[in-house]
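A quick write-up on the structure given underneath.
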4 protein chains.
Amino acid sequence: MAEGVRARRKAERPGEILQAAFEEFVDRGYAATRLEDVAARAGVTKGTIYFYFETKENLFVTMVRELSRPIHEEMEGFLADHNGTTREFVRAYLGFIYKVIAEDAHFREILRLLIAEAHRFPALVDEHDERCGTPIMEHLRQRLEEGANRGEIRSAGSLDYPQIILGPALSLSVIMLLFSDRKPVDVERYFEAHVDLVLNGLLPRNGEVS
Amino acid sequence: MAEGVRARRKAERPGEILQAAFEEFVDRGYAATRLEDVAARAGVTKGTIYFYFETKENLFVTMVRELSRPIHEEMEGFLADHNGTTREFVRAYLGFIYKVIAEDAHFREILRLLIAEAHRFPALVDEHDERCGTPIMEHLRQRLEEGANRGEIRSAGSLDYPQIILGPALSLSVIMLLFSDRKPVDVERYFEAHVDLVLNGLLPRNGEVS
Amino acid sequence: MAEGVRARRKAERPGEILQAAFEEFVDRGYAATRLEDVAARAGVTKGTIYFYFETKENLFVTMVRELSRPIHEEMEGFLADHNGTTREFVRAYLGFIYKVIAEDAHFREILRLLIAEAHRFPALVDEHDERCGTPIMEHLRQRLEEGANRGEIRSAGSLDYPQIILGPALSLSVIMLLFSDRKPVDVERYFEAHVDLVLNGLLPRNGEVS
Amino acid sequence: MAEGVRARRKAERPGEILQAAFEEFVDRGYAATRLEDVAARAGVTKGTIYFYFETKENLFVTMVRELSRPIHEEMEGFLADHNGTTREFVRAYLGFIYKVIAEDAHFREILRLLIAEAHRFPALVDEHDERCGTPIMEHLRQRLEEGANRGEIRSAGSLDYPQIILGPALSLSVIMLLFSDRKPVDVERYFEAHVDLVLNGLLPRNGEVS
DNA sequence: TATGAATGAGCTTTCATTCAT
DNA sequence: GATGAATGAAAGCTCATTCAT
């Protein structure tokens with residue numbers, strides 16, 4: 001029985017350290033984070049960190065990779081199945097994005113770290129992009145293209161730049177990073193307004209009363 | 001004559017230090033930047049920095065403030081005069097935003113620093129927001145409201161969240177921060193697609209052939 | 001059968017560790033040697049070393065003792081039987097010394113360790129001296145004394161300081177330690193020149209053609 | 001006046017640190033020496049050491065170089081002027097060597113460091129050899145060759161290996177390193193016996209009564 | 001016997017900051 | 001104004017040693 005507990009703890013050590021590292025790196029940034037604080041937060045000593053991770057850089061990279069994994073998996077699951085009209089798809093798609101980008105503090109903070117440390121860890125940015133950014137954009141692009149082919153939507157220029165369609169969501173993420181809780185946003189309304197803009201634009205539509 | 005040169009140099013010292021600080025802080029982040037490197041880049045010694053700035057924090061804050069000033073001034077100039085249809089306004093407005101947000105590396109890198117150090121310098125974020133973010137948003141919001149009142153545009157939900165309308169531009173900025181030159185974007189086309197989406201949305205407009 | 005192999009391996013463990021320790025200590029010196037590297041070289045884990053040896057110091061001391069033993073035994077064997085003229089003895093004696101001091105890298109490297117760590121392990125130096133240095137010197141001294149009594153050699157002052165007679169050999173050892181293979185020496189010729197000097201000195205002998 | 005004192009101290013700092021480093025390195029060896037102890041001995045703080053020397057390795061190398069310099073200079077002075085018979089030369093020459101090699105603890109301890117750290121600092125060994133070992137050997141060789149040409153001494157094989165002639169002196173140095181003060185040697189008598197052996201060898205000379 | 005996870009003291013090195021000149 | 005020598009408090013990293021299994 002005691003074995004079980006010890007073994008389980010042992011197996012969980014790296015994960016616990018990674019979680020602690022995430023929190024410290026997010027709070028202080030890469031350079032200002034002290035391994036000693038990470039250790040304390042994980043309930044181990046400095047030496048233990050070096051038993052599992054070669055360097056601070058390695059810990060950081062592994063942390064970003066590992067803490068992004070759940071998001072990637074959820075994303076893949078979402079991308080797998082989706083049908084319905086393009087209109088419905090856009091709403092569902094943006095809904096999912098908001099769940100990840102705006103409501104998941106994990107994802108948001110990893111975004112902060114990637115922006116902050118893009119110069120130091122360009123490969124990490126690219127890796128994250130390949131697993132997360134590119135698939136999301138590409139999937140959106142394809143579905144919109146199909147929708148345009150089927151005449152459901154205009155073949156607008158933004159179909160080539162899915163970033164434009166997702167932009168307001170990423171923006172919200174950045175705003176939340178900048179202001180923490182000092183400038184709260186009604187995400188629900190923001191989301192609805194975003195969907196509305198993407199689908200209808202600002203100009204009056206025929207028969208619509210401004 | 002020599003005195004004149006020296007005097008002018010002296011007067012420029014603080015500015016040179018701030019410029020050097022900007023470059024170093026951008027390259028390495030706040031914590032990882034060494035004052036010694038800033039000094040070397042500015043062509044002075046560490047001690048000189050302390051003659052002009054009290055601490056590293058103070059240097060950072062002053063630098064962000066000072067290097068943002070030209071942008072603020074340009075912005076105020078722009079916000080001052082603008083007439084024409086809402087349609088024209090939106091295009092001109094976004095055009096200006098792109099000049100600042102996408103083409104001015106200075107602004108972009110300050111954004112990076114603000115995102116990265118938002119926890120350490122929340123007051124600096126707020127200050128920057130008051131001088132730059134809020135006025136831009138508020139101005140846009142008012143003009144759009146007027147346009148809606150005049151019936152030029154729909155009274156869409158996004159009128160309450162100008163961030164949504166500007167979102168794709170901010171997004172581009174973030175993308176450029178993440179990938180430097182590894183993923184170049186055709187800003188001209190991106191901009192046009194952005195304007196098109198904001199004005200027309202994705203759904204087919206009456207009489208429009210997809 | 002497998003047990004036999006395992007049992008034999010087990011019995012050899014300490015020896016393998018000592019051998020590995022020798023190589024690492026020689027390469028890096030006492031303080032810079034990591035027990036982990038010793039373990040890796042011996043094909044065991046760090047813990048295993050502590051099963052056989054109490055501390056790093058203990059491992060070092062035991063290693064020097066154990067790796068010196070074959071030399072001591074060979075030496076005792078040599079010292080046991082020797083007759084012939086003093087002239088013959090000197091040549092044979094020096095020949096043996098060269099085999100040990102100049103050709104046996106083991107001995108040489110132990111000498112390096114003793115010199116390097118003389119301050120930290122004085123007792124080890126003394127122990128080695130008692131088993132190796134003193135007997136060699138004393139034996140030489142006695143035989144030379146006998147030779148002098150018999151009139152075979154001069155009763156020169158160097159009879160009281162056998163170190164002088166052996167000096168060039170020890171010197172060669174030190175030179176080899178300093179230059180590894182960067183300054184190769186023709187040991188055969190060096191040896192002959194050494195014997196010649198010891199027996200004849202530099203001054204011309206009667207009837208000898210310079 | 002106060003300036004003078006401060007300036008003098010400033011100029012002496014590096015030298016004081018070097019001297020302190022010498023003592024610590026000699027006592028503990030390269031790896032086991034703590035920069036903190038060097039600093040304390042020099043009366044400065046750790047940081048100051050790094051103001052003058054880039055790394056511990058650099059401090060070590062500089063120290064060996066700098067502390068060897070006086071010896072090199074003395075040596076060059078000695079090698080400059082010498083005449084008289086070869087017999088006289090050998091005595092004077094060895095006399096000088098003993099002064100350096102046996103009586104100068106500085107030189108001896110540097111020899112210990114070079115032997116101990118030959119693997120880590122081979123270039124330093126070679127450098128020291130070029131400035132100290134080779135010139136001494138070469139000078140001796142030339143003078144002996146001349147002596148042999150003039151018929152003053154035998155053209156013995158050891159003329160090609162001056163190390164053999166100096167060997168007993170180097171040996172004494174090593175012995176002193178090994179035993180510190182635990183085995184005192186009468187250097188005067190040792191020296192005389194050495195000179196005697198080099199000049200006359202062990203075999204009886206004609207007309208000499210053993 | 002042997003392992004390997006874990007420790008913690010201690011190491012080299014860094015760097016913001018000070019201050020006499 | 002400006003310098004640069006000096007500080008000292010960390011920070012990242014190492015490693016001999018321990019101990020439950």
Side-chain angles (χ1 to χ4, degrees), chain A residues 2-3 5-7 9-11 13-14 31-39 43-59, chain B residues 6-7 9-11 13-14 17 31-39 43-59, chain C residues 6-7 9-11 13-14 31-39 43-59, chain D residues 2-3 5-7 9-11 13-14 17 31-39 43-59:
Chain A
E3 304 172 21
V5 170
R6 178 175 295 258
R9 288 233 55 194
K10 211 174 281 188
R13 272 283 134 79
T33 289
R34 306 160 8 136
L35 258 357
E36 187 141 26
D37 290 342
V38 173
V44 299
T45 61
K46 256 188 300 181
T48 304
I49 292 182
Y50 280 89
F51 185 79
Y52 289 105
F53 306 94
E54 293 184 9
T55 61
K56 191 184 180 185
E57 291 208 349
N58 179 274
L59 173 64
Chain B
R6 193 181 306 169
R9 285 230 54 193
K10 271 185 191 175
R13 272 283 137 80
I17 292 171
T33 290
R34 298 148 24 114
L35 256 5
E36 187 141 26
D37 289 343
V38 173
V44 298
T45 61
K46 251 191 300 183
T48 305
I49 292 181
Y50 278 88
F51 183 79
Y52 290 106
F53 306 95
E54 292 181 14
T55 62
K56 190 185 181 184
E57 292 208 348
N58 178 275
L59 173 64
Chain C
R6 191 180 308 168
R9 286 230 52 190
K10 271 183 192 175
R13 274 279 139 81
T33 289
R34 298 151 23 115
L35 256 4
E36 188 140 25
D37 290 341
V38 173
V44 299
T45 60
K46 252 192 301 187
T48 307
I49 292 182
Y50 278 87
F51 183 78
Y52 290 107
F53 305 95
E54 293 180 13
T55 62
K56 190 185 181 185
E57 292 209 349
N58 178 275
L59 173 65
Chain D
E3 305 172 18
V5 169
R6 180 175 292 257
R9 288 230 56 195
K10 213 175 275 188
R13 271 284 135 77
I17 293 172
T33 289
R34 305 157 12 133
L35 257 359
E36 187 140 26
D37 290 343
V38 174
V44 298
T45 62
K46 259 187 296 183
T48 304
I49 294 183
Y50 280 88
F51 184 78
Y52 289 105
F53 305 94
E54 293 183 9
T55 61
K56 190 185 181 185
E57 289 209 349
N58 178 274
L59 173 65

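Within every chain, numbering begins at 1; the chains are lettered A, B, ... in the order of the sequence lines, protein sequences first and strands thereafter.
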What closest approach, in Å, do A:Tyr52 and A:Arg13 show between heavy atoms, and which atom pair accounts for it?
OH-CB, 3.6 Å

Roughly how many Å is it from CG in A:Asn58 to P in F:dG12, rounded to a whole number?
14 Å

Both atom distances under 3.5 Å, Watson-Crick or G-U wobble: I'd like the secondary structure of DNA chain F as a dot-bracket string, with | for pairs made across strands.
.||||||||||||||||||||

Between CD1 of D:Ile49 and C1' of F:dA6 the distance, given in whole Å, is 12 Å

Separation of E:dT7 atom C1' from C:Glu36 atom CD, nearest Å, is 14 Å

What is the distance, rounded to the nearest whole Å, between atom NZ of D:Lys56 and atom P of E:dC11?
9 Å

Here the distance between atom P of E:dA2 and atom CZ of C:Phe53, to the nearest Å, is 12 Å

First of C:Tyr50 and A:Ala32 reached from the 5' end of DNA chain F, by closest nucleotide
A:Ala32

Show each protein N/O and nucleotides 8-10 of chain F N/O combination with a separation under 3.5 Å, one pair to a line.
unit_1	atom_1	unit_2	atom_2	d
F:dA10	N6	D:Lys46	NZ	3.4

For C:Glu54 and B:Phe51, take the nucleotide of DNA chain F holding the closest heavy atom to each; which residue's nucleotide lies nearer the 5' end?
B:Phe51

Reported OG1-to-CD distance for the pair D:Thr45 and D:Glu36, which is rounded to 0.5 angstrom
9.5 Å

What integer distance in Å separates C:Leu35:CG from F:dA16:P?
5 Å

Spacing between A:Asp37 atom CG and F:dC13 atom P, to the nearest angstrom:
15 Å

From CZ (C:Arg34) to NZ (C:Lys46), nearest 0.5 Å
8.0 Å

Locate the shortest heavy-atom distance separating D:Lys56 from D:Ala31; write the atom from each residue and the value.
NZ-O, 3.2 Å

Grab the two heavy atoms, one from C:Tyr50 and one from C:Thr55, that are nearest each other, plus how far apart they are.
CE2-CA, 4.3 Å

Considering just the side-chain nitrogens and oxygens of A:Tyr52, establish if one lies under 4.0 Å of OP1 or OP2 belonging to E:dA6.
yes

Can you name the closest pair of heavy atoms from A:Leu35 and A:Ile49 and give their distance?
O-CD1, 3.5 Å

Residue met sooner reading DNA chain E from 5', once D:Thr55 and B:Glu57 are mapped to nucleotides
D:Thr55

D:Arg13 has an atom CZ; how far is it from atom P of F:dG4, in whole Å?
17 Å

Where each residue is assigned the nucleotide of DNA chain E containing its nearest heavy atom, which of B:Ala31 and C:Val44 is assigned the position nearer the 5′ end?
C:Val44

